[in-house]
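Below is one structure, written out as structure tokens; comments come after it.
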2 protein chains.
Amino acid sequence: MKIGELAKATGTQVETIRYYERAGLLSETTRTEGNYRIYGETHAERLSFIRHCRSLDMTLDEIRVLLRFKDAPTENCGDVNALLDEHIGHVAARIRELRTLERQLKGLRDLCQEAQDAAHCGILNELARQGSEGGSSAAGHVHGAHGRSVERKAIKDKRK
Amino acid sequence: MKIGELAKATGTQVETIRYYERAGLLSETTRTEGNYRIYGETHAERLSFIRHCRSLDMTLDEIRVLLRFKDAPTENCGDVNALLDEHIGHVAARIRELRTLERQLKGLRDLCQEAQDAAHCGILNELARQGSEGGSSAAGHVHGAHGRSVERKAIKDKRK
DNA sequence: ATAAACCCTGTAGCAACTAAAGAGTCAAGC
DNA sequence: GCTTGACTCTTTAGTTGCTACAGGGTTTAT
């Protein structure tokens, strides 16, 4: 099948498939005379594996490790367990961070119950205070509060 | 004070301060004869405000909105409340997502209790299965499972 | 024959920085 | 006066995991 069909079969975007090839997650395929990539069932399975891992929020580096084990079926899979345990640890850590964050935000929100002028807004005044040192940057690899949504808006990074 | 002193005073990196200036969060300052930026107390306060917001995982866009209110103290601050409510909603949504993810990962982990050869590893076999459609991409802006840690390793994006 | 639908490569953009190159400035010590 | 070192400047590129072009070529259907 051609790349568009593979894309449809796995629910992946065409560009993402080519990106995975460049990133070394999918090997380069044979091409048609017209230079089109051709894929078979094994490619579809491998891509499904990758997408499944991604839906579990693993990084491409982590997935590379898992793929190495899939490609060497006689190896001992103890490292797979370890990788997964570590990943679970990261997720748990991020949940704890976000819970703390949620508490802080709710506390902040309580400082201004009804709309008034900004000069007396408890929220703005509190945010202007010093301190508050330790942010939420833990050792894990779970992202901050802002996910992969579609609210891109063009940054005004105005360097002439 | 010079940029290094401001950096020390607020616990911010020098490059980050210059980045905020480019991004329009800090206005351009006066310079010395030798072209060094000079800051006063108001700059330190504004930067503290920004860093405080960042420690609460707000985006620079959200902070821009808050700064606009700080700069216009007679405006009604109802939008501040709304912004904060929305942000709290995003955090709460991300926590729910990560809890689901954690459950899935733990279920996966249970499939392989002790190390064996990869061909019979329940984890790898499960990940190779089809399906698992809906990932964790909700509407909010809270990041995935991998945070702002220091585990960068150079991607092998081998384009010749 | 030609238009539409697909495919190709290469490059730039997103968030919020971080790092490094290459150059200039300033104060202190000899 | 001159050097050394610490600081600063601008500009550019890297990080993650894509996404979206531009500017072409190929295939398929009419």
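Chain identifiers are assigned alphabetically (A, B, ...) following the order of the sequence lines, protein sequences preceding nucleic acid strands; residue numbering begins at 1 within each chain. Small disclaimer: the values here were computed from a predicted structure and weren't measured. Excluded from the calculations below are hydrogen atoms, water molecules and symmetry mates; all remaining heavy atoms, backbone and side chain alike, are included.
Nearest to the side chain of A/K2, among D/dC18, D/dC9, C/dC7, sits C/dC7. In this structure, of D/dC18, D/dA20, C/dC8, it is C/dC8 that holds the atom nearest to the side chain of A/N35. Of the listed nucleotides (C/dT9, D/dC9, D/dT11), C/dT9 has the atom at the smallest distance from the side chain of A/R18.
One finds a side-chain N or O of B/R54 lying less than 4.0 angstrom from the OP1 or OP2 phosphate oxygen of C/dC17. OP1 or OP2 of C/dC17 sits under 4.0 Å from a side-chain N or O of B/Y20. Contact annotation: B/R51 reaches the phosphate of C/dC17 (side-chain N/O to OP1 or OP2, under 4.0 Å). Here B/T32 does not reach the OP1 or OP2 of C/dT25: none of its side-chain N or O atoms lies under 4.0 Å away. Residue B/R31 places at least one side-chain N or O closer than 4.0 Å to OP1 or OP2 of D/dT10. Side-chain nitrogen and oxygen atoms of B/T16 include at least one within less than 4.0 Å of the OP1 or OP2 phosphate oxygen of C/dT18.
A/R37 comes within 4.0 angstrom of the backbone, heavy atoms only, and of no base.
Atom OG1 of B/T100 and atom CG of A/L56 lie 11.5 Å apart (nearest 0.5 Å). Between the CG atom of B/L6 and the CD atom of B/E41 there is a distance of 9.0 Å, given to the nearest 0.5 Å. The CG atom of B/D85 lies 6.5 Å from the CG atom of B/N81; values are rounded to the nearest 0.5 Å. Taking CG from A/D57 and CD from A/E62, the interatomic distance works out to 9.5 Å, rounded to the nearest 0.5 Å. Taking CZ of A/R103 as the reference point, atom NZ of A/K106 lies at 10.0 Å (rounded to 0.5 Å).
Under the ring-ring contact (aromatic ring centres under 6.0 Å, His included) criterion, B/Y39 pairs with B/H43, not counting sequence neighbours.
Ion pairing between A/E97 and A/R94 holds under the 4.0 Å rule for side-chain N and carboxylate O.
Judged by distance alone, with hydrogens and angles left aside, the side-chain atoms of B/R99 form no donor-acceptor pair with the main-chain N or O of A/I95 at under 3.5 Å.
For the pair A/Y39 and B/Q13, nearest-nucleotide mapping onto DNA chain C gives the more 5' position to A/Y39. For A/E33 and A/E15, each mapped to the nucleotide of DNA chain D holding its nearest heavy atom, the one lying further toward the 5' end belongs to A/E15.
When rounded to the nearest whole Å, the span between CD1 of B/I50 and C1' of C/dC17 equals 14 Å. When rounded to the nearest whole Å, the span between CD of B/E62 and C1' of C/dA15 equals 12 Å. Atom C1' of nucleotide D/dT10 and atom CD1 of B/I3 are separated by 12 Å, given to the nearest angstrom. Rounded to whole Å, the distance from CD on A/E28 to P on C/dC8 is 12 Å. What separates CD of A/E21 from P of C/dC8 is a distance of 9 Å, to the nearest Å. Taking atom CD1 on B/I38 and atom C1' on D/dC9, their separation rounds to 14 Å, with Å as the unit. B/R22 places its CZ atom 12 Å from the C1' atom of C/dA19, with the value rounded to the nearest Å. One atom, CD1 of B/I17, and another, P of D/dC7, lie 14 Å apart when rounded to the nearest Å.
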Could you write out each protein N or O paired with an N or O of nucleotides 2-6 of chain D at a distance under 3.5 Å?
none

